[in-house]
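First the proteins, then the strands, lettered A, B, ... as listed; each starts at 1. Side-chain atoms are counted along with the backbone in the values below, which use heavy atoms only and exclude waters and symmetry mates.
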Amino acid sequence: MYVAVKGGEAAIDAAHAQLAARRRGDPDLAALTVAQIRDQMALAVARIMAEGSLYDPDLAALALKQAWGDVAEAIFLVRAYRTTLPRLAVTRPLDTAAMAVQRRVSATFKDLPGGQVLGPTFDYTHRLIDFALAAEHGEDASNPPPSAEEPLDAAMPRIADILDTDGLIEPETDADDPDPDAPVPDLTRAPLTFPAGRALRLQALARGDEGFLLSLAYSSQRGHGTTHPFAGEIRMGTVEVEIIPEDLGFPVTIGVVTVTECQMVNQFQGSRTAPPQFTRGYGLVFGFAERKAMAMALVDRALRAPDLGEAVVAPVQDEEFVLSHLDVVEASGFVQHLKLPHYVDFQAELDAVRRMRRAASGEGASS
Amino acid sequence: MSAAALMTEADPPLLTVAGLGKAFGARPACADISFDLYAGEVLGVVGESGSGKTTLLRCLSGGLTPDAGTVLYRPAEGGQALDVHALPEGRRRLLMRTDWGYVHQDPRDGLRMGVSAGANIGERPMALGARHYGRIRADAADWLARVEIESDRLDDRPTTFSGGMRQRLQLARVLVSGPRLVFMDEPTGGLDVSVQARLLDLLRDLVTRLGLAAVIVTHDLAVARLLAHRLMVMKDGRVVEHGLTDQVLDDPHHPYTQLLVSSVLQA
Amino acid sequence: MSQPDAGVTFGYLDEQTKRMIRRALLKAVAIPGYQVPFAGREMPLPYGWGTGGIQVTASIIGPEDVLKVIDQGADDTTNAVSIRRFFRRVAGVRTTERTREATLIQTRHRIPETPLGPGQILVYQVPIPEPLRFMEPRETETRRMHALADYGVMHVKLYEDIAHYGRVATSYDYPVMVNGRHVMAPSPIPKFDNPKMHDAPFLQLFGAGREKRIYAVPPHTSVVSLDFEDHPFEVQGWDRVCDLCGADDSYLDEVVTDDIGGRLFVCSDSDYCAGRRADGHQGPAAASAAGEALADTMEQVAREHASEDPA
């Protein structure tokens, strides 16, 4: 019995109906609410916001629900939605020095102004499954978080700024930038061409696939494009977002976002033109996303190799390679497009292989 | 000095280099280099590594832009002299695959390692518009034979070749388009002594027979003596001595040249 | 004409984006075969599934247009159905399966068998727009090679094929020289279709969404498939005809009908095949069980389409 492989609209509708039912799961179980996802799956929501490059926890939570828990699919939903949004204003740069810090650690100094603040971290948990969480209502009456014995220091200068005053680290702004006041290019409004420059690179990294960046960063640590990094500072918390409305002329706060920032401090031997000093790798990501921020900072520093006169020997240092392959929506789409029909091309290949085989056997017979 | 070089001296030089200089940061890699090169003449540039030889070669061939000075090239048939570094990149690339050739020290830099020997030799003719497969292939086979590689290796990739064979293949790839001027960067470097000798013989034979002009950078005075009509001795980016090869090697004037020559004799 | 979804801009893209894409299209038409970078937007369909073609179509489509979407030459393949449905939803335009009726045809991997005429536009979906990519992976270098028309490497690839296989092994996405200036990837159409691009009376637009490139071949432009004098370009041919409609001039898909070696060869262009059968043409297997089953399925999908789009 022959079964047609071509599918019509009815088949597609049926597939969508199946998906909707499977996504909902057992109808006897309560459906997840968006608020539950937003609060209790907050790290997944943060990743969707970061890679979707749109700060909207409710929307990201809804996307995760619609995507049946598939983070990459949820990122795709957010991106497609983002395309349709109007650009109303450009915010001022975030001032992370004025962050309302919830976590702040430095691996380079034992103590520092403002102190080390562990905050909510998995770092020192023992990774043992907590079966108490499986109890249906076991955690409803959980204890409120302990309040700190003393309030956090109001002044928490960034480590890089402290090194900067001693001239031990390169200045934050690029002295070689011919036009530091030029508007920052927007990766989502202008085509990416190479060389891209650091501003575009950082944009791309901030919304790049966490897994890809993590592996690249790891490869640099293992010697493929060594960067000699130290985690100068990692801070997480909320910062105010400001715009300057044209008719007002002064900044007003339009909201607050949670971000994670990482400053890597990297050894640098100096070059013909630059004295030995520490150099920077920078990571900034929406939400609590420490792993991503650290990976981003390592990759950022590695990608600066040509600017610092270092040899480009590894993939992590290769701007065109990294920027062309870091986007999860692009990568996922192109890898999965292979399941689209390729009958015509395959037929062409079949034909070519058959001809070559005929030619080869013909030669074999005649010799 | 060869007869060929003497005969052509009535013509204007092929290459006129004046005041060429290139610095990396504060350190000059080569400075104030001037010379003429005539058709059919082979100029050797000798000196220890770091003396600026390769930088000079890359400036001459247009691969690097010098900070100072000019390189003038006179094309065949009495064309206007071309200021190499003022040419648009397209013209320079065209020059590099027609009148000129560049032989890299490491043949992997000068070959396409992923395609066959035949395709490597055929690339320049094809880039220049050759569109007859049979003739391209016949020319490639001819050149393979001229650089003493077995004809049954025509369809093999250079990854399967020895170092000496790769270097000879690189020569064929460059010479197939009939260049008038070839730049060579340590063409025998990285090869065993016996392989070097064979390559040198081949090189001398080809250069003489084709009437090629060449600039050959080498740290090996034996190579220079065998191939070059004239020698420039470089130290710290400057030319310290310049003259006919035999004169420079047999009666060195500059102390540095004397040191170079004596170190070879003692070895 | 059906009504587009409320709350969605006509053609999905906002007007600024459409203008940006139209500017890129104008530039592309002005420099045939040149890849124009454009700020590709994220579409609600995945990259690699036609986002470039969709953005081009969305930027040029008007309410009066009649749209045809094909994938592998067929109107009834799932992705073609999905894209056609997308445009019905966001533009409310009339859609058709008939090549002659369409003003705008978006395609993946084929050029219709029925010759297109002046005034029709063919929009290609392109996965890898750079014909030099597999010889030179670097964008910075390939752009320079195009700028300088430094194309020797293309014939190196063809030479290599002939040296090893006795013929050029490239069977689809076969590189072409456009207007005597730019080497261009025709998108993964079989080389069977390459001759249809040359001096064509219709406008051809190419969109690569993931790679963010647009290029074009204006009407009556020379499009020459690269070859050698003694190994001239040749297209695929079959020593058989379409099993359903008997056509001997169309590109045939091989359909596996059972697990004991049964095969049918049928037109990849479903509209062409259906049209010929409606005109009374019959192929050698049209009356067989497998042939009838296949024809039935194709008709059923066509009916479905017709019922959803009461034109």
Would you say the side-chain atoms of A:Glu349 and C:Ser171 include a donor-acceptor pair closer than 3.5 Å?
-> yes
Between A:Gln347 and C:Asp253, is there a donor-acceptor pair closer than 3.5 Å when you use the side chain of the first and the backbone of the second?
-> no
Regarding C:Thr140 and A:Glu320, is there a side-chain donor-to-acceptor distance under 3.5 Å anywhere?
-> yes
Cut-off 4.5 Å, heavy atoms of chain C, and the answer for A:Arg354 is side chain
Under 4.5 Å heavy-atom distance to chain A, tell me which part of C:Tyr251 shows up: side chain, backbone, both or neither.
-> side chain
Interface moiety of C:Val235 toward chain A, non-hydrogen atoms closer than 4.5 Å | backbone
Mind running salt bridge (Lys or Arg N to Asp or Glu O under 4.0 Å) on C:Arg138 and A:Asp318 for me, showing each step along the way?
-> CA-CA 11 Å; C:Arg138 281 193 178 275; A:Asp318 182 334; 2.4 Å; yes
Heavy-atom pair with the smallest gap, counting every atom of A:Phe334 and C:Pro127 | CE1-CB, 3.6 Å
Provide the closest heavy-atom pair for C:Pro46 versus A:Gly333 in the form atom of the first, atom of the second, distance.
-> CB-CA, 4.1 Å
Taking atom OH of A:Tyr55 as the centre, does the number of heavy atoms from other residues, nucleotides or ligands within less than 6.0 Å exceed 12?
-> yes
Can you say whether C:Tyr174 sits under 4.5 Å from chain A via the side chain, the backbone, both, or neither, judging by heavy atoms?
-> neither
Under 6.0 Å from the CZ atom of C:Phe233, do we count more than 12 heavy atoms belonging to anything else shown?
-> yes
Applying a strict 4.5 Å limit to non-hydrogen atoms, the region of C:Pro137 in contact with chain A is backbone
Decide yes or no for A:Tyr343 and C:Val255: does some side-chain heavy atom of the first lie under 4.5 Å from some side-chain heavy atom of the second?
-> no
Name the member of C:Glu211, C:Lys212, C:Glu139 that forms the most heavy-atom pairs with chain A at distances under 4.5 Å.
-> C:Glu139
Select one option (side chain, backbone, both, neither) describing which atoms of C:Arg210 are under 4.5 Å from chain A's heavy atoms.
-> both
Honestly, the part of A:Thr188 sitting under 4.5 Å from a heavy atom of chain C is backbone
Flag if over 12 foreign heavy atoms under 6.0 Å of CZ, A:Phe212 | yes
Name the option with the most non-hydrogen atom pairs under 4.5 Å to chain C; the candidates are A:Phe321, A:Phe346, A:Phe194.
-> A:Phe194
Any chance CD of C:Glu292 has more than 12 other-residue heavy atoms, nucleotides or ligands included, within less than 6.0 Å?
-> yes
Report yes or no: does A:Thr83 contribute a side-chain atom to a donor-acceptor pair with the main-chain N or O of C:Glu42 at less than 3.5 Å?
-> yes
Ion pair present between C:Arg85 and A:Asp13, side-chain N to carboxylate O less than 4.0 angstrom?
-> yes
Using non-hydrogen atoms only, which part of C:Arg143 is less than 4.5 Å away from chain A: side chain, backbone, both, or neither?
-> neither
Locate the shortest heavy-atom distance separating A:Val344 from C:Gln72; write the atom from each residue and the value.
-> N-OE1, 2.8 Å
Does atom CZ of A:Arg22 have more than 12 heavy-atom neighbours from other groups under 6.0 Å away?
-> no
Can you find a pair of side-chain heavy atoms, one from C:Trp49 and one from A:Leu340, that are under 4.5 Å apart?
-> yes
Heavy-atom pair of closest approach, residues A:Pro341 and C:Arg108 = O-NH1, 2.9 Å
Are the side chains of C:Met43 and A:Arg79 in touch, meaning some heavy atoms are under 4.5 Å apart?
-> no
Which one of A:Ala348, A:Ala15, A:Ser324 has the most heavy-atom pairs closer than 4.5 Å to chain C?
-> A:Ala348
Test A:Asp351 against C:Lys191 for salt bridge (Lys or Arg N to Asp or Glu O under 4.0 Å), laying out the working first.
-> CA-CA 12 Å; A:Asp351 176 68; C:Lys191 61 182 176 182; over 6 Å; no
Heavy-atom pairs under 4.5 Å with chain C, option from A:Leu350, A:Asp345, A:Val329, A:Val353 with the top count | A:Asp345
Whatever's closer than 4.5 Å to a heavy atom in chain A on C:Leu45 counts as backbone
Straight-line distance of A:Met356 CE to C:His164 NE2, nearest 0.5 Å | 12.0 Å
